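Here the structure comes first, spelled out in structure tokens, and everything after it is commentary.
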There are 2 protein chains.
Amino acid sequence: MYVVGFLFIALQLKGEKELASLGQHFIFELYDCNPVILDDLEAIKEIMLTAAKKSGATILNNFLHKFSPQGVSGVVIIAESHLAIHTWPENNYAGADFFTCGTRVDPLIAYEYIKQQLECKYSNYTKLDRGKIEEIEKAAGHSSI
Amino acid sequence: MYVVGFLFIALQLKGEKELASLGQHFIFELYDCNPVILDDLEAIKEIMLTAAKKSGATILNNFLHKFSPQGVSGVVIIAESHLAIHTWPENNYAGADFFTCGTRVDPLIAYEYIKQQLECKYSNYTKLDRGKIEEIEKAAGHSSI
């Protein structure tokens, strides 16, 4: 009974947390990565598409661009928003971000996969709440005055 | 003389600040916008392309998607990284982000233009430093150990 009660409270808290914002935006900072992979357009494309799929996202389109003399930009547009990466092989660095909505997609699966595939020795991520419900309600209140 | 000295120091500080990271990532939170515009794919496309141009970015490609029953996602891939938007007309909200590098592009021009065009009554932005030079140097130090 206590276990059931605990689970019920936990699910309620999870539900409340999920309703705090319309979207979640994860910022991935990827340092000390393999510069050869960072400069390989086909490898980046494969990694980004696989990362999106593994995280549970529905892919709509993708666009990748190779810069001269080096660097790759890649954006995967998903039904849940986007997954993007920009690489600086000369600095062994890549900056990625994963904007998602709903609860079906897990951006941290993409984070773990990308940093492993890019052979990053040092990384961190930040989660931003996007479209905060309290701000939406506050804004709606302002309008009705 | 004092004025010249002050300007010189100010420019030096500006230069140092610009070198603190490889990129800047602006997060635009746009509340209480016009829901009809938020749901209009062609309008969003025009606004995003114009915003990118006005800010000084070089456009490489763009992709827009209209969701059913409502909402638009749009990504403009630029030579300096990306400008993206995701709209929730049912909540009068749009979340946009502008990832840029270098000093030629001014994302705040895009911010002002987008919020004006979407007729947002309430908005805010956050600037994130991406690819911090001190982290890159720290990571490089870790590698050489």
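For clarity, every value in this text was computed on a predicted model and none was experimentally measured.
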Which portion of B:I77 sits near chain A, non-hydrogen atoms under 4.5 angstrom: side chain
With a 4.5 Å heavy-atom cut-off, do B:P35 and B:N92 have their side chains touching? yes
Taking atom types as modelled and ignoring hydrogens, do the side chains of A:S55 and A:Y113 form a donor-acceptor contact shorter than 3.5 angstrom? no
Tell me, side chain or backbone of B:N91 under 4.5 Å from chain A's heavy atoms, or both, or neither? both
Given heavy-atom pairs under 4.5 angstrom as the criterion, report whether the side chain, backbone, both or neither of A:N62 touches chain B. neither
Using heavy-atom distances under 4.5 Å, tell me whether A:A94 contacts chain B through its side chain, its backbone, both, or neither. neither
Assert top hit (heavy-atom pairs under 4.5 Å, partner chain B, pool A:V75, A:D97, A:T126, A:I85) equals A:D97
Is the closest basic N to carboxylate O distance between B:K66 and B:D39 below 4.0 Å? yes
How about A:Y125: does its OH atom have over 12 heavy atoms from other parts shown lying under 6.0 Å from it? no
Are A:K138 and A:E135 close enough for a salt bridge, meaning some N to O gap below 4.0 Å? yes
Could you look at A:H82 and say if it's the side chain, the backbone, both or neither that has a heavy atom under 4.5 Å from chain B? both
